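Atoms within each ligand, like the ligands themselves, are counted from 1 in listed order. Since the structure is predicted, the reported quantities are computational estimates derived from the model, not experimental observations.
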Amino acid sequence: MIYLSSLIIDGGVPLCGVVHVQGAKNSALPILAASLLADGECIIENCPDISDTHTAVEILDSLGCRTELCGDYISVNPQYADGFVIHDTLMRKMRSSIIFLGSILARRHHARVSFPGGCDIGTRPIDLHLSALSKMGVEFSESHGYLDCRTRGLKGADINLTFPSVGATENVMLSAVRADGTTTIRNAAKEPEIIDLQGFLNAMGADVSGAGTGTIVIRGRKSLGPVRYRIISDRIAAGTYMCAVAAAGGSVLLKNIDCGALWSTTAILRDAGCTVEEHADMLRIESDGMTQTDSSGVIRTMPYPGFPTDMGSPMVAAMCLARGTTVFVETIFENRYKYVGELLRMGARIRTDGRVAVIDGVRRLYGARVEASDLRGGAALVVAALAAEGQTVINNAEYIERGYEHIDRVLSDLGADIKYA
Ligand code: EPZ
């Protein structure tokens with residue numbers, strides 16, 4: 001079988017050095033979608049150089065925006081963007097492309113998107129997005145796998161989300177900032193990326209308040225101006241590198257982070273015996289390797305501020321080596337354990353049943369040929385490979401490149417023996 005991209009890791013080397021943590025993927029995507037709403041050029045700084053942001057730029061280009069990628073910033077000028085269709089290939093490349101729906105509707109009052117479809121972690125429905133938008137005056141019709149969305153004009157509404165969906169919260173914010181009237185979102189997602197989107201929109205002249213709490217109020221504005229904005233750092237990338245140090249051992253300083261957004265990951269790794277020192281926008285983690293630690297009992301993923309579902313996979317990998325038994329309960333997505341079978345090939349002892357994974361710690365993991373099947377599951381395989389004895393080949397590494405900027409460079413700078421095949 002020919003693989004697009006494979007990572008080769010010779011494990012067992014403690015990690016030492018400094019990581020300047022990348023910009024947040026899950027901020028960059030909604031903020032790139034929001035740039036469509038500006039009356040001029042937006043400069044978005046600290047954008048991670050990953051395939052998902054490249055896909056988002058492809059979508060903006062397909063809608064008629066003028067874009068430019070310059071190092072860690074992206075320029076977007078939507079002045080002549082009159083497109084309203086996101087083609088199937090782009091929707092399938094990145095299901096979170098649905099986040100463009102709100103801003104296309106706000107700009108064109110018409111949008112045509114193919115159903116994003118499921119991915120390897122679950123069915124990923126969009127019912128909460130559609131029911132919210134219909135309350136704001138959007139009508140939908142489906143044909144040949146495409147969803148045609150039209151409105152005579154978006155109007156403010158009271159939106160009560162039955163689940164604090166990140167994407168649905170963001171789509172409503174993007175639709176409401178130029179709607180006629182006021183929109184209130186209750187049971188809104190509270191993730192730091194929602195606060196970042198509010199910051200970007202308000203810098204453009206929008207009137208959004210309450211992000212980070214369960215209730216967000218958006219007062220519609222006729223137009224929004226161009227802006228230069230720096231997005232927050234990626235708390236999931238930072239947490240993943242913390243799990244790598246916990247598993248492989250070593251001492252690493254993470255820079256350009258928000259320690260508060262990492263509190264649940266820090267608490268679990270401290271309980272497991274790692275040393276974590278926090279300083280302003282930096283954090284140092286030290287570990288003798290997870291085999292010297294005790295397991296954390298029960299770990300449950302929850303909407304923010306709970307332990308993030310995206311941190312579940314890398315943390316499972318680290319806990320494979322902790323003494324004792326660790327129980328994981330995944331409460332957000334229904335199929336987040338596809339990578340577990342690959343960890344078993346490396347000598348891990350994990351039993352899964354639906355949303356529960358039970359890990360019995362082992363003394364060592366062994367290098368093996370494994371396959372990534374989703375972004376965070378791929379990251380889990382990297383964490384395990386760094387701690388394993390011998391060589392691991394991770395195939396389908398393009399999944400990992402969707403969310404981790406130059407992961408080979410970051411880890412080899414810490415002393416890891418990692419390269420692309
Ligand atoms: C965002 O996905 C993130 N993606 C995900 O990160 C993250 O895991 C997730 O939020 C939860 O924090 C981006 O921000 C681009 P949701 P999203 O809507 O918006 C159900 C990563 O690895 N649901 O909060 O799709 C859904 O099925 C990615 O970086 C509905 O039922 O997540 C899931 O069970 C993976 N109907 C739950 O809500 C809907 O209309 C959470 O989904 C929408 C969602």
Nearest non-hydrogen protein atom, [atom]:
{"atom": "atom 27 (O) of ligand 1", "answer": "Pro125 CD, 3.2 Å"}
{"atom": "atom 37 (C) of ligand 1", "answer": "Phe163 CE2, 3.7 Å"}
{"atom": "atom 2 (O) of ligand 1", "answer": "Arg124 NH2, 3.6 Å"}
{"atom": "atom 19 (O) of ligand 1", "answer": "Gly167 N, 2.8 Å"}
{"atom": "atom 18 (O) of ligand 1", "answer": "Ser165 OG, 2.7 Å"}
{"atom": "atom 40 (O) of ligand 1", "answer": "Leu128 N, 2.7 Å"}
{"atom": "atom 32 (O) of ligand 1", "answer": "Phe333 CZ, 4.0 Å"}
{"atom": "atom 22 (O) of ligand 1", "answer": "Arg376 NE, 2.9 Å"}

I'd like to check which ligand 1 atoms, numbered from 1 as shown, lie under 4.0 Å from a non-hydrogen atom of [X].
{"X": "Arg336", "answer": "8 (O), 22 (O), 35 (C)"}
{"X": "Ile126", "answer": "39 (C), 40 (O)"}
{"X": "Leu375", "answer": "22 (O)"}
{"X": "Thr309", "answer": "8 (O), 11 (C)"}
{"X": "Ser96", "answer": "15 (C)"}

* Identify which of Asp310, Ile332, Val166 has a heavy atom lying nearest to atom 21 (C) of ligand 1. =>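 Going through Asp310, Ile332, Val166 one by one, Asp310 has the nearest heavy atom to atom 21 (C) of ligand 1.
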
* Asked: Are any of the heavy atoms in Arg95 under 4.0 Å away from ligand 1?
  ->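 For ligand 1, residue contact (heavy atoms, under 4.0 Å) with Arg95 is present.
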
* Mind checking whether Arg402 has a heavy atom under 4.0 Å from ligand 1? ->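 No heavy atom of Arg402 comes that close to ligand 1.
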
* **Whether His110 and Phe84 hold their rings parallel, tilted or perpendicular, with breakpoints at 30° and 60°** =>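 Because their plane-to-plane angle is under 30°, the rings of His110 and Phe84 count as parallel.
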
For the pair [X] (side chain) and [Y] (backbone), establish whether a donor and an acceptor sit closer than 3.5 Å, ignoring hydrogens and angles.
{"X": "Ser287", "Y": "Ala246", "answer": "yes"}
{"X": "Gln198", "Y": "Ala211", "answer": "yes"}
{"X": "Gln22", "Y": "Gly403", "answer": "yes"}
{"X": "Thr215", "Y": "Arg186", "answer": "no"}

* Asked: Where do Arg221 and Asp207 land on the salt bridge (charged side-chain N to carboxylate O under 4.0 Å, His left out) test, with the steps shown first?
  -> CA-CA 7 Å; Arg221 287 283 182 271; Asp207 181 349; 3.4 Å; yes

May I ask you to decide whether [X] forms a salt bridge with [Y], counting only side-chain N to carboxylate O separations under 4.0 Å?
{"X": "Asp408", "Y": "Lys419", "value": "no"}
{"X": "Lys25", "Y": "Asp234", "value": "no"}
{"X": "Arg270", "Y": "Glu278", "value": "yes"}
{"X": "Asp52", "Y": "Arg402", "value": "yes"}
{"X": "Arg376", "Y": "Asp374", "value": "no"}

Pairs of nitrogen or oxygen atoms closer than 3.5 Å, one from [X] and one from ligand 1: do any exist?
{"X": "Lys25", "answer": "yes"}
{"X": "Glu334", "answer": "no"}
{"X": "Asn26", "answer": "yes"}

* To do: Taking the side chain as every heavy atom from C-beta outward, state whether Phe328 and Arg300 have any pair of such atoms under 4.5 Å apart.
  =>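 Not in contact.
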
